[in-house]
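Reviewing the structure listed below.
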Amino acid sequence: MISVLIVEDDPLIAEAHRTYLARLEGFSLAAVAHSARDAMQTASAATVADSPIDLVLLDLGLPDASGISLAA
C-alpha cells in the first residue's frame, strides 16, 4: 500500500485529491496538511511512528512557504 500525504492549502482542492485517492487501489491517505508547517510535523510524526509516507502531493504555493523549498 502506498501511503500518501496531501499538502494543499485550498480546502476544495485538498478534498478533490482525497476523493480521487480514495478511488485508487493500492493507495492510502496518510494525512492532509494545509501548510508547510503542518506537513513537516506530519512527516516527522510518521517517521517517529515508523509509518513512512511514500508519496506527497505537494502544492507549490503554500501560505507559509514555497512547496519547492519544502521539498528540498
Side-chain angles (χ1 to χ4, degrees):
M1 193 65 92
I2 297 172
S3 178
V4 181
L5 169 61
I6 298 171
V7 183
E8 173 60 60
D9 62 317
D10 184 311
L12 184 62
I13 295 172
E15 184 58 32
H17 287 315
R18 182 195 316 243
T19 301
Y20 181 71
L21 187 66
R23 295 183 204 161
L24 299 176
E25 289 185 33
F27 291 83
S28 66
L29 180 64
V32 176
H34 298 288
S35 68
R37 181 176 179 227
D38 291 344
M40 290 301 292
Q41 289 175 341
T42 300
S44 293
T47 302
V48 169
D50 202 25
S51 303
I53 294 170
D54 302 305
L55 176 66
V56 178
L57 299 180
L58 180 58
D59 183 5
L60 296 180
L62 297 166
D64 56 343
S66 160
I68 292 173
S69 66
L70 181 61

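Since the structure is predicted, the reported quantities are computational estimates derived from the model, not experimental observations. For reference, positions follow the sequence shown, starting with 1.
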Shortest non-hydrogen pair, His34 vs Glu8, comes out as ND1-O, 2.9 Å

What pairs with Ala30 under side-chain contact (heavy atoms from CB on, under 4.5 Å), at least two apart in sequence or on another chain?
Ser3, Ile53

For Ala65 and Ser69, which heavy atoms make the closest approach, and how far apart are they?
CB-OG, 4.1 Å

Residues joined to Leu60 in its hydrophobic cluster, side chain to side chain under 4.5 Å directly or through other members, sorted by chain and number, are Ile68

Find out if a path of hydrophobic residues (ILVMFWY) with successive side-chain heavy-atom gaps under 4.5 Å connects Met40 to Leu5.
yes

Considering residues at least two apart in sequence or located in another chain, which fulfil the side-chain contact (heavy atoms from CB on, under 4.5 Å) criterion with Ser44?
none

Among residues at least two apart in sequence or on other chains, which ones pass salt bridge (Lys or Arg N to Asp or Glu O under 4.0 Å) with Arg37?
none

In the single-linkage hydrophobic clustering (I, L, V, M, F, W, Y; side-chain heavy atoms under 4.5 Å), do Tyr20 and Ile13 co-cluster?
no

Cluster question for you: counting only ILVMFWY and a side-chain heavy-atom cut-off of under 4.5 Å, with indirect links fine, are Leu24 and Leu55 together?
yes

Set of side-chain hydrogen bond (donor to acceptor under 3.5 Å, both in side chains) partners for Glu15, sequence neighbours left out:
Arg18, Thr19

Once side-chain hydrogen bond (donor to acceptor under 3.5 Å, both in side chains) is applied, do any residues pair with Asp38, and if so which ones, sequence neighbours excluded?
Ser35

Please tell me whether Phe27 and Ile6 are part of a single hydrophobic cluster in this structure, the criterion being side-chain heavy atoms less than 4.5 Å apart.
yes

Using only atom types and a distance under 3.5 Å, with no angle test, would you say the side chain of Asp64 pairs donor to acceptor with the backbone of Ala36?
yes

What's the shortest heavy-atom distance between Pro63 and Asp9, and which atoms?
CD-CB, 3.6 Å

Cluster check Leu29, Val7: I/L/V/M/F/W/Y, side chain < 4.5 angstrom:
no

